[in-house]
Protein chains: 2
Amino acid sequence: MEGGEAVILPVEQLLPDRAPLATLWVRLAAGLEDAVTSGALPPGARLENEIALSERLGVSRPTVRRAIQELVDKGLLVRRRGIGTQVVHGSVARQIELTSLFDDLASAGKVPGTRVLELAKVPATPLVATQLGVAPEAEVLRIRRLRLADDVPLAVLQNYLPPALADLDEQELADAGLYGGLRSRGVVLRVARQRIGARKATNEEARLLDLTRGAPVLTMDRTAYDADGAAVEYGHHCYRPDLYSFEMTLVDR
Amino acid sequence: MEGGEAVILPVEQLLPDRAPLATLWVRLAAGLEDAVTSGALPPGARLENEIALSERLGVSRPTVRRAIQELVDKGLLVRRRGIGTQVVHGSVARQIELTSLFDDLASAGKVPGTRVLELAKVPATPLVATQLGVAPEAEVLRIRRLRLADDVPLAVLQNYLPPALADLDEQELADAGLYGGLRSRGVVLRVARQRIGARKATNEEARLLDLTRGAPVLTMDRTAYDADGAAVEYGHHCYRPDLYSFEMTLVDR
DNA sequence: TAGTGGTCTAGACCACCTG
DNA sequence: AGGTGGTCTAGACCACTAC
């Protein structure tokens, strides 16, 4: 392959002042990411070596390494001992945008929408009680929403909040969304476990999502925990598989 | 919550000699992970602070931090400034094992099996050519396998290899598996993009997986790249959703 | 005020790759 | 042999949390 000469970019491009409150390595990572996505560092281009870069930027080598590692984790850069650091070749960097169904819906002209179907306190089922770590039959808040994109139904979202957070009202939900409402209550999410699967749509889901009875749906179950390890939210979501899929980049370390 | 006194574990437990070739931080991370999963560090337990730990172990603080970070990323530990580092509370650490359908199949008494359905050179379809970055109609190797667990059909795996790797034979595939065969050819995987979705089973898939016609299947598409950014493999896999799901832990940074 | 993790520095030595 | 990233050290200062 061959990267040829290393590409030298100006310091002010690599360390943008955009977010002066961010840490050094975050700023550097942002500068590098922009350089890659803008094409200033085209696919296959070689970066300066870490030591030269750290001297030119006036930061230490571990700081440079941390920024580069961030982009390696995102799949934009590749590092090889004895070789150097390169922008990932060819299609990968571009493909991320092309095939991004997820982002398509959030941006790209699609108008996201939400319809609240239910917001009620109900006794916890055994599954919900287990997931939230509360007593069986404890009063939890059940939220059911229909998510739309361009007025096309995309997903049925069913969430449960533990008793301590069960006072969320519809106004807050509409204004800030579920996670926004939690955040304004001082809840800080730290860890989540999720599982992605598939099954037949229930009759109600088929009706809401405009599918035929028994059509496949993509499901995602998630339990989120705050800094204390207390369960904050359990959700069972169900997506129209022709309009939604989960994408991710895996990086070898 | 409250973590109380920090739990002090012996140095030899935290830095096991098991893998003396591994790096320091990997060994420490392994020692800590064992302490958590074995219960020596029960849920909610507080670790020694980083400086005390580094002095007692005779390693530097960044090394301790890197090991701890690894476990934070795995969702086993939680760090908070001014507070300390704790084992994730309650159900999380345990739940990871309980709900691990993925690991259940690889271990836990299940006997994994594979049946090669096809191993043939075929002209690349437009999709495959795009994914592998080869010319349309180029000769690629198509591999179709049925994956079994305890003789129950679990998934249909369909993989494509580019012309340069199309000489993989059935013996190698049986002995080392697909990724093993690639590795023995000197291929090092670095990055992969994957997408998880759902759809109806084709009639053939339904027959192979012992499903009714049109039943839902869980699908995973993956394109893997080597260090040069060249596509090494494209796969379209399709799983029985009642026997398989994808699990992951998300960590806030 | 005391203690914690979060960030950053300035260097050292090593393992690996290319010529 | 020379250059690259990979690992590790020994320290500094800061921001946040508890008391």
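For the numbers below, each heavy atom of this structure counts, side chains included, while hydrogens, waters and symmetry mates do not. Given the structure is predicted, the values throughout are model-derived calculations rather than measurements.
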How many whole angstroms separate atom [atom1] of [X] from atom [atom2] of [N]?
X       : N      : atom1 : atom2 : answer
A:Glu48 : D:dG3  : CD    : C1'   : 15 Å
A:Arg80 : C:dT18 : CZ    : C1'   : 12 Å
B:Leu53 : D:dT9  : CG    : P     : 12 Å
B:Leu24 : C:dA12 : CG    : P     : 20 Å
A:Leu77 : D:dT4  : CG    : P     : 16 Å
B:Glu50 : D:dT17 : CD    : C1'   : 15 Å
B:Arg46 : D:dT17 : CZ    : P     : 16 Å
B:Gln86 : D:dT17 : CD    : P     : 14 Å

Quiz prompt | Test: A:Lys121 and A:Glu139 ion pair at under 4.0 Å | solution =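 Not counted as a salt bridge, because no side-chain N and carboxylate O are separated by less than 4.0 Å.
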
Quiz item: Which residue, B:Gly82 or A:Pro62, contacts DNA chain C at a nucleotide closer to its 5' end, judged by nearest heavy atom?
Solution: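 Upstream on the strand: B:Gly82.
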
Exercise. Mark yes or no for whether B:Gln86, through its side chain, and B:Gly44, through its backbone, hold a donor-acceptor pair below 3.5 Å.
Key: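 Yes; judged by distance alone, with no hydrogens or angles, the pair exists.
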
Self-check item: Any donor-acceptor pair under 3.5 Å from B:Arg27 side chain to B:Pro16 backbone
Solution: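 Judged by distance alone, yes, a pair lies under 3.5 Å.
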
Report yes if at least one side-chain N or O of [X] is closer than 4.0 Å to OP1 or OP2 of [N]; otherwise report no.
X       : N     : value
B:Thr63 : D:dT7 : no
A:Asn49 : D:dT4 : yes
A:Arg65 : D:dG6 : yes

Quiz prompt | Min side-chain heavy-atom separation B:Asp221-B:Gln131 under 4.5 Å | solution =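 B:Asp221 does not reach B:Gln131 side chain to side chain.
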
Shortest side-chain distance from [X], nucleotide among [options]:
X       : options              : result
A:Arg79 : C:dC8, C:dG5, D:dG5  : D:dG5
B:Ser60 : D:dC16, C:dT9, D:dT9 : D:dT9
B:Arg81 : D:dA15, C:dT9, D:dG5 : D:dA15
A:Thr23 : C:dC8, D:dT9, D:dA18 : C:dC8

Quiz item: Which is true for A:Arg66 with a 4.0 Å heavy-atom rule: it touches a base, it touches only sugar-phosphate, or it touches nothing?
Solution: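 Sugar-phosphate contact only - A:Arg66 comes under 4.0 Å of backbone atoms but never of a base.
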
Practice problem: Go through A:Gln69 and A:Trp25 one step at a time and tell me if the side chain to side chain contact (heavy atoms under 4.5 Å, CB included) criterion holds. | Solution: CA-CA 10 Å; A:Gln69 184 60 49; A:Trp25 72 264; over 6 Å; no

Quiz item: Could one point to a donor on the side chain of B:Arg61 or the base of C:dG6 with an acceptor on the other under 3.5 Å away?
Solution: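 Under the 3.5 Å cut-off, the side chain and the base do form a donor-acceptor pair.
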
